[in-house]
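Here is the structure we will look at.
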Amino acid sequence: MIAPTLSPASTGGPILRCSNVRKSFGANEVLRGISFEIPAGSVLTIIGASGSGKSTLLRCLNHLEQPTSGEVYLDGEPMGVRIKPNGTRVPDKAANIARKRAQIGMVFQQFNLWPHMTALQNVTEALIQVKGLDRAKAADLGRNTLAKVNLLEKADDYPARLSGGQQQRVAIARALAMAPKVMLFDEATSSLDPELTGEVLEVMRQLAQEGMTMVVVTHEMGFAREVSDRVIFLHEGQIDQDGTPEEVFVKPTSERCRRFLSSALS
Amino acid sequence: MIDNFNRFVIPNLDLLAHGLWVTVRICAVAFAMAVAMGAAACVIRLYVPGVRYLAIGYIEFSRATPIIVQLLWVNYVWPELFGFPQSVEWAGIIALAIQSSGYLAETFRSGIEGLPRGQIEASMAVGMSRSRTFRRIVAPQVLLVMAPSIVNQLAVVVKASTLVSVIAIPDLMYDALKIVNQWFEPIEVLTSVAVIYILTIFSLSAIAKRIADYFREKYGLAAYA
Amino acid sequence: MSETLRQSLDLSLFWEYRYTVLAGLAQNIYVFLASAALALTLALFVGLSRVSRHRALRILSTGYAELFRNTPEFVLLIWVYYVLPILISKLLAAKFSLSPFLAAVLALGVAYSGFLSETVRAGIQSIPRGHVEAGLSLGMSRFTILRRIVIPQAIRRMLPEALSQFVSLFKATSIVSLVAVPDIMYQVSMINVDQMRPLPLYTGAALLFCLVIIAATQSINILSDRWRKRGWA
């Protein structure tokens, strides 16, 4: 394994960098050495067949899964490990991991809204509990963010009363309100009925245009092609094809990637 | 029969009302203690590795011994062993609380273990700590999802409380038996008391059902255990 | 203190009376077996009535189940023991009495038939409507469908739940001492009157119940795991 050098946070450097990330579940190696960088303001899309490791990779980025080896850097700082003065690496304190996670927004396939809280409370919960905002400020910010995803009128509804598309937009607002440095989307539209995916993709498109740094795992190839700055095709835990949307979608060099795309687009 | 009712139930209404008050008092205190002890036992079982076997032993013991055995045990053995409780009423309360706390601990546990993993991941993803996740996300949802089971457990406490008369706590059942032994006319008194108990327990079950329906409607939560 | 503690913790007194206590346990088992048989029989009829096509039958059986599920067992036992014989005597205009044993079996059997009928109903209703329709489309009679398709599946689904109801029933047999059925608790109380040594006696009784119940629940867990692995329950 290559020990990655640790550079201090530099302005203009990549927001997120992962370096030779590997992840095994038991004997099953799901990620086999993934490295890439995400510059500020860019959109990276990860595509691949189910089981190729896309979601695991995304979850490693904010340490919901701990990589078996390799490192993830947020703004130049390693996630989940602490480097002692003598150079040895020790697992970081839970509080520090939590602090870094707060700077990475995540949107889940299953929304994972908290059912016992209203839409607004879902958005303000972490603002109050993690960022320490007072209630009034959090509520203001929460309403503004809900307005951004066009759901201001649903602020006081419980998730059970919202459609899947609306729930997912609340979930995006929940992540967005924390003013994250980067947002991760884990198949954000996969559990939605086809007629509801549009409203969620529209919000994501708008975020991308505003310059949000995003890592998107998706099956929506049209969307990926339109919005991404860079596309990665993952196959059995390795990067099989990597490039601009043009390079990956129009003239992929990998035979596997070409086959995947032709089956995904048909 | 109406005649007997007028002779044995009406003149004793004061006594029966007092008995009912004792029943209510005992059930309320025992239930509150059971919720607290059950929550503690559950949290220890799930999150405190060193002593979790103690919690498991306690939960299993409390669930595996009949309430009357616990009543007699607490009433006769505890004072000798621990020097308390000093009154039969407290003995009854403690026994009822022990019995129910075991069931409640398991109710809470199945609630926590049944909570979808994504709920916890979502709170970790926004940077909440483990303890904050437990307090703000896990515990409230478990209480909501399990509220019907918890209210049902109160109905079980009321049912079990009929046995505290055995250690001479003057509850509703005790007073009823006292009247019966005085006049040897059991029909009206025992039937009236049975009706009171049935109505009380039936109302509690109905409340539990209403809560379950309301929460399903409002939060989309269905009891999953 | 330590001497009294050691003395009172000494369970040998319980051991001295082992035959008396075991005779008590046998009484618990008799009451359990008889009331379990009664409860199961009643529960099958009531549970089937609750999913019947006849409205009156549904209402009656639901009322029965609700009534007995919400009645404290001890109240029911006392009522059956004291009140029921008088009512029957008046009805027959002849002397009628119930032995403690019969009263205990009747009260516990009826009480638990309420719980069990709920299990039976849930088991039957868990069978997808499509299975019935498949049978109907093949020209089976409703009775044949019930007998060959619904009940065999329902029994497997309700077995674990029903078994845990039976464990509760066994625990509940401890109250029969209160109408002087000579069960464990009755024997222990009698010995205690004699010896005035509640600690070893009641602790022994608690441990004995604990042992029997935990053994029963553990074997049920093992069995239902096995059934689940075979795809039964």
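For the numbers below, each heavy atom of this structure counts, side chains included, while hydrogens, waters and symmetry mates do not. Below, chains carry the letters A, B, ... as their sequence lines are ordered, and counting in each starts from 1.
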Can you say whether [X] sits under 4.5 Å from chain B via the side chain, the backbone, both, or neither, judging by heavy atoms?
X      : result
A:L64  : side chain
A:Q110 : neither
A:L113 : backbone

Please round to the nearest 0.5 Å and tell me the distance separating atom NE2 of A:H63 and atom CE of B:M124. 11.0 Å
Output for pair (B:S129 OG, A:R99 CZ), nearest 0.5 Å, gives 14.0 Å
Would a distance-only check, ignoring hydrogens and angles, find a side-chain to backbone donor-acceptor pair under 3.5 Å from [X] to [Y]?
X      : Y      : value
B:R136 : A:E125 : no
A:H116 : B:V142 : no
A:N112 : B:G118 : yes

Mind ranking [options] by heavy-atom pairs under 4.5 Å with chain B and telling me who comes out on top?
options                        : result
A:A126, A:G105, A:P115, A:A175 : A:P115
A:R59, A:R174, A:K131, A:Q129  : A:Q129
A:Q103, A:K100, A:R161         : A:R161

Is it the case that more than 12 heavy atoms not belonging to [X] sit under 6.0 Å from its [atom1] atom?
X      : atom1 : value
B:R25  : CZ    : yes
B:Y47  : OH    : yes
B:R210 : CZ    : no
B:F61  : CZ    : yes
B:R130 : CZ    : no

Identify the heavy atoms of [X] and [Y] that sit nearest to each other, and give their distance.
X      : Y      : value
B:K218 : A:Y158 : CE-CE1, 3.0 Å
B:V126 : A:M178 : O-CE, 3.5 Å
A:F108 : B:A125 : CZ-CB, 4.0 Å

Counting only non-hydrogen atoms closer than 4.5 Å, does B:L144 touch chain A with its backbone (N, CA, C, O), its side chain (CB onward), both, or neither? side chain
Just wondering, do B:P140 and A:M117 contact through their side chains at under 4.5 Å, heavy atoms? no
